[in-house]
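Notes follow the structure.
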Protein chains: 2
Amino acid sequence: MKREKQKVSIKDIAKELGVSITTISFVINGKAKNRISEKVIKKIEDYIEKVGYRPNSSAQSLRTGKSQTIVFMAEDISDPFFSTVAKEMEGLAFKHGYRIIYCSTENKKERALELLDLFKDKEVDAFIITPPEDFEEETRTLIAEGKPVVLFDRYYHRMDHHYVVLDNVVSTKAAVEFLKSKGFKNIGFVGLKSKLSPMEDRLKGYRESVPVPKSVLIKFNSVGKGVGNKQLEDFLDQHPELDALLFATNSLAIAGLRVLKAKNILIPAELGVATFDDRELFELHSPSISVISQPVSALAKELIKGTLKLLEIGVDPFEVKKSLKGTLIPRASTEK
Amino acid sequence: MKREKQKVSIKDIAKELGVSITTISFVINGKAKNRISEKVIKKIEDYIEKVGYRPNSSAQSLRTGKSQTIVFMAEDISDPFFSTVAKEMEGLAFKHGYRIIYCSTENKKERALELLDLFKDKEVDAFIITPPEDFEEETRTLIAEGKPVVLFDRYYHRMDHHYVVLDNVVSTKAAVEFLKSKGFKNIGFVGLKSKLSPMEDRLKGYRESVPVPKSVLIKFNSVGKGVGNKQLEDFLDQHPELDALLFATNSLAIAGLRVLKAKNILIPAELGVATFDDRELFELHSPSISVISQPVSALAKELIKGTLKLLEIGVDPFEVKKSLKGTLIPRASTEK
DNA sequence: TGAATTTAGTAAAACGTTTTACTAATCTTA
DNA sequence: TAAGATTAGTAAAACGTTTTACTAAATTCA
């Protein structure tokens, strides 16, 4: 009963149709023009259609050295931001005959290295990566190995490479201006203690748009935990004059909302709130939270478009450098 | 500068070390015992270590017919439930030398068929799938083709197959009993109009634990939209006696919360609320929402454990049939 | 008409493994 | 000491493609 569907190979087709393997390969790969007669092409195409022949991709990979596979190394594939981008990319890539393999670094250097090691063979054609903290040297090495590498979400100032990111400086400035326009006068900033470009740029954008910056930077792995919450509480205690808070990431905001709730601080009456990254949570929260939303579809599109271009044209002449703007979605948390 | 790291093959090693390709292959695959001398084994292993040799997986796949790849066909990989399970599986599978390829059916039959078609070649060793609506025949066909197939989240009553699911009947009953214990007397049920087992089982569990069931079933693709919201509003209007609502999925609950907010219905004073699947949103909502949480890690572990077992032992003698219990997390929305 | 060109196709090598079937040398044991 | 068993290894085929270099026949053109 359980017979493995016996796969048909080019050789089988050749025998059946009385033509050579080469001829079939030419037809399959669209190299038959001016080489093979229309009649034979038709015959082969019809037979392929009839038996549902699909080339063995291992054999193709072995022969061509290409695997039709792109690795997407996210910070955390279970984070809604990354998983949404991943899903969009998957759809686009499939349309072009590429598969995507996802993995998560958890923002850990060693994990990222392990993963790269696993993929560094011939088995992957291109990399889309969100490098973890302190990964500049390793990224450089990876790029030097010659396969297309597109950085996502973060990039390096001191290094030439392909990337697709949010324009964090500009987006942050827009958010601060928005808060000002809503009548907030003392805007504080809650960021992540990190050298990753989004964190540096968001802080920079903030600093450049308020007269007296007041910010607190939470350690990455203490967000939502005792230490991180304590830091935030202290910050609020030390700055009773603050009338609004801008959070640099959605997880910071979520942790922050918990703290504010615990301290019985009223939003927006006592404190306005805005954050990066939209999530259902923010829309449904009472009050709903204003956000700077990242253009997920556009990011995914640019990533795949860029990667395919690099795959096609080659790494060198072509440049992928995209910096997209976020969209501000005003909600109740910023209506004084 | 951009030199592709010239990959070293078994042939290169053989030439360098003056042994045969066969010998090296035996050593690599642990088949050297009682065949090759300790001295030679050591020499080969050391050299492999030194040059960082990694076998070409396309060649391995071509030769063995195995690709060390598992497909996870989720309903929607950007849904937190699926993406969390995916991430956990990814980690476990990697440890055993397997990669996972994700894709999303969007609960559409045609999309699922397309995807299966894409994978049906030799390129994949096993399938973990959440079949969309009306996919029983197709699933049967897939299974008949002989590769391991493990269903996730949903299963078929009339068919013998491997699966890992939540015990929805029991979990729903527990939730209803919990609501009763909290003093709710008129519990309504908001489900999805669907023949997928979780939806049928949750409804069944509900029906069997209340004296007079009152339920409304929303169409899958109208959740959160005008039509679906209208359905829910009508249901509430027709049953003013209800004092609690049990939602069958997290997206139903989210849509429901919006409706309740719009109608100014107070939770839990006027209406108690509980739902399936935990999300940060429910913890942070005001009031926080009681949930039946799925054991994500355990599900992922069983899925990978089962799949690997099938891969190892073969599909037939071994059975993967796991039905795990959800955990009830009581929160403010059910405290009268 | 005959040389040059075009058309229509093929043979065979190569990609990098795994594995079967073999050999040659050494070791046991009766 | 001779036959059998064990040890230590190897040659070569096969997996299913792609591609280079070739040929033979038909067509063109001066």
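Quick caveat: nothing in here was measured; it's all calculated off a predicted structure. Chain identifiers are assigned alphabetically (A, B, ...) following the order of the sequence lines, protein sequences preceding nucleic acid strands; residue numbering begins at 1 within each chain.
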Nearest to the side chain of [X] - [options]?
X	options	answer
A:Ser37	D:dT10, C:dG9, C:dT18	C:dG9
A:Ile36	C:dG9, D:dG9, C:dT18	C:dG9
A:Ser9	D:dG9, D:dG16, C:dT17	D:dG16

If you look at every heavy atom in [X] and [Y], which pair is closest and at what distance?
X	Y	answer
A:Thr130	A:Asp153	CG2-CB, 4.1 Å
B:Gly97	B:Gln68	O-NE2, 3.1 Å
B:Glu88	B:Ala300	CB-CB, 3.5 Å

Measure from [atom1] on [X] to [atom2] on [N] and round the result to the nearest Å.
X	N	atom1	atom2	value
B:Ile21	C:dA21	CD1	C1'	17 Å
A:Lys39	C:dA8	NZ	C1'	12 Å
A:Lys15	C:dA11	NZ	P	14 Å
A:Arg35	D:dA25	CZ	P	19 Å
A:Lys11	D:dA14	NZ	P	8 Å
A:Ile24	D:dT17	CD1	C1'	12 Å
A:Ile10	C:dA11	CD1	C1'	15 Å
B:Lys33	D:dT6	NZ	P	17 Å

Considering every strand and a 4.0 Å limit on heavy-atom distances, what is the contact class for [X]: base, sugar-phosphate, or nothing?
X	result
B:Ser25	base
B:Thr23	base
A:Thr22	base
B:Ile28	nothing

Could you check whether the side chain of A:Arg63 and the base of D:dT18 have a donor-acceptor pair of N or O atoms closer than 3.5 Å, going by distance alone?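 Answer yes: a donor N or O sits under 3.5 Å from an acceptor.
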
Of the options A:Phe94, A:Tyr102, A:Phe72, which is the one that meets B:Tyr102 in a ring-ring contact (aromatic ring centres under 6.0 Å, His included)?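 Going through A:Phe94, A:Tyr102, A:Phe72 one by one, the ring-ring contact (aromatic ring centres under 6.0 Å, His included) with B:Tyr102 is satisfied by A:Tyr102 alone.
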
Quick one: on DNA chain C, does A:Leu62 or B:Phe26 contact a more 5' nucleotide (nearest heavy atom)?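 The residue closer to the strand's 5' end, by nearest nucleotide, is A:Leu62.
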
5' priority, DNA chain C, between A:Gly18 and A:Asn34 [closest heavy atom]: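 Nearest-nucleotide comparison on DNA chain C picks A:Asn34.
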
Quick check on [N]: is either OP1 or OP2 less than 4.0 Å from any side-chain nitrogen or oxygen of [X]?
X	N	answer
A:Lys31	D:dT18	no
B:Gln60	C:dG16	no
A:Tyr53	D:dT17	yes

Do A:Ser67 and A:Asp125 have side-chain N/O donor and acceptor atoms under 3.5 Å apart?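 Yes, side-chain donor-acceptor contact under 3.5 Å.
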
May I have the step-by-step check of side chain to side chain donor-acceptor pair (under 3.5 Å) for B:Thr105 and B:Asn107, ending in yes or no? CA-CA 5 Å; B:Thr105 68; B:Asn107 212 22; 4.9 Å; no

